Protein chains: 2
Amino acid sequence: MARYQVGIQTEAKIIEATRALLAEGGMEAATLKAICDRAEVRSGSFYNLFDSKEDVIIHVVRESIDAVDPDPDHAGTDTVNDLVSAYIRFFEEEPQLAKVYVMAALTGDSPTNGARRRFLRHHLRRVERFADAMARADQALDAEKSEIQAELLLGALDGLAFRWALDSDFDFATYAELASDKLVQVPARSSD
Amino acid sequence: MARYQVGIQTEAKIIEATRALLAEGGMEAATLKAICDRAEVRSGSFYNLFDSKEDVIIHVVRESIDAVDPDPDHAGTDTVNDLVSAYIRFFEEEPQLAKVYVMAALTGDSPTNGARRRFLRHHLRRVERFADAMARADQALDAEKSEIQAELLLGALDGLAFRWALDSDFDFATYAELASDKLVQVPARSSD
DNA sequence: CCAAACTTGGAGTGTATACTCAAATTGTGT
DNA sequence: ACACAATTTGAGTATACACTCCAAGTTTGG
């Protein structure tokens, strides 16, 4: 038999409650109790639908990242500028979620840490997209060089985002654009 | 009356146990029980010497950072290169401690989060030292410009270090030097 | 309208955590 | 050797957490 409507709705309520809690107070606010209270659901229902708390958190974080993707269909039409902007947008719109994302990669020490592996895979995909966009904009750039450049730029963006997490007065967007200008051979912005 | 020798030794044992645990397994390994067991001390003794677990962890992290300071007396003789090398050394020698340092800045949401405020202060001091070293190397650089450049470089270093925490195969040192070359007006390295 | 499959409530389990406190013991200066 | 402060002990407190279980209820297709 197929899934029941009521179950699908409950799942949606749980996801939305988790999203709201993470966005408001980060990882610490998203306890199982808080999620269930907010979703108006008992823990038994939660575990009927999800295998663990981690599951729903991963789901929420992934959705948020996808929401700002400049080229969700992967048509290969995004520029470095688009990608940098999308990155900035994610951090500015969902600072708490961004922190959750970063924390997940840092916590845990086991080599089988699922969150870290997922994070790394996502990072590598992102590097590839940045590198592709760089290569499209500058024919002189070979694959290896554009990948190095992409790692450098993403590294800088991650670091500046972290800096901004420390102190929300930090002008993340301006620094991110500056980094992009300095680190990308052909200026990424057709600006000024 | 003054402190007893035995108390001072106990304090040292606790600090060393905490340092070892953090270096081996990060934040998660450094539970109160683990610290006390390793130091061969009961929890009452711990709380006779420290106000909280956080206290001793902060102490340990601070010590580790100071240990790689290229200019501990602040004589103003360190070059950008020295500072970058010290940064690389901290992350390569104490990866787990570096993660603890980063996590502390990200956890907690209250505006009165002590760890985050401390982290920010430390970061700003570091920016100043980088900026000073940059200004010393290049007279044409005014205070504002060198500070911006320092924030950019430190941002990139933080991000690359994070990248390396994700995947220890990442060649952090090489990328860090590349970032330094690209982001500092007068090449920081008198190389090649 | 039935029965199978799905969903739910919610008390309960197990575990781990940081931290406390009063009494016992030990170190130190005199 | 004495007084007394510093230190240690270790059982105990309070709390929080993710997760389980299963009987009772609900939805659905036929």
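Any value given below was found using the heavy atoms of this structure, including those in side chains, with hydrogens, waters and symmetry copies removed. From a predicted model like this one, the values you see are computed outputs, not experimental measurements.
Ring centers of B:Phe162 and A:Phe162: at least 6.0 Å apart, outside the cut-off.
Straight-line distance from the CD1 atom of B:Ile14 to the P atom of C:dA18: 14 Å, rounded to whole Å. Regarding A:Leu32, its CG atom lies at a distance of 12 Å from the C1' atom of D:dT20, rounded to whole Å. Note: CZ (B:Arg3) to P (D:dA6) measures 11 Å, nearest angstrom. Atom OH of A:Tyr4 and atom C1' of D:dT27 are 5 Å apart (whole Å). The CD-P distance, from A:Gln5 to C:dT8, rounds to 12 Å in whole Å. Atom-to-atom, CD1 of A:Ile8 to C1' of D:dT28 comes out at 12 Å; the value is rounded to the nearest Å. Spacing between atom CD1 of B:Ile57 and atom C1' of C:dT17 amounts to 13 Å, rounded to whole angstrom units. We find that NZ of B:Lys13 is positioned 13 Å from P of D:dT7, with the value rounded to whole Å.
Between B:Phe90 and B:Tyr101, the ring planes are perpendicular. Angles over 60° get that label, and only those under 30° would be called parallel. Between A:Phe46 and A:Phe50, the ring planes are tilted. Angles from 30° to 60° get that label.
Rounding to the nearest 0.5 Å gives a distance of 11.5 Å between OG of A:Ser43 and CD1 of A:Ile35.
A residue-by-residue look at B:Gly7 and A:Val6 shows that B:Gly7 has its nearest nucleotide of DNA chain D further toward the 5' end.
Applying the side-chain hydrogen bond (donor to acceptor under 3.5 Å, both in side chains) rule to B:Glu16 yields the partners B:Arg19; only residues at least two apart in sequence or on another chain are considered.
No hydrogens or angles considered: a donor-acceptor pair under 3.5 Å links the side chains of B:His123 and B:Glu151.
The nucleotide whose nearest atom lies closest to any side-chain atom of B:Thr10 is, among D:dT8, D:dA18, C:dA18, D:dT8.
Residues from residues 41-52 of chain A with heavy atoms under 4.0 angstrom of DNA chain D, sorted by number: A:Ser43, A:Gly44, A:Tyr47, A:Ser52.
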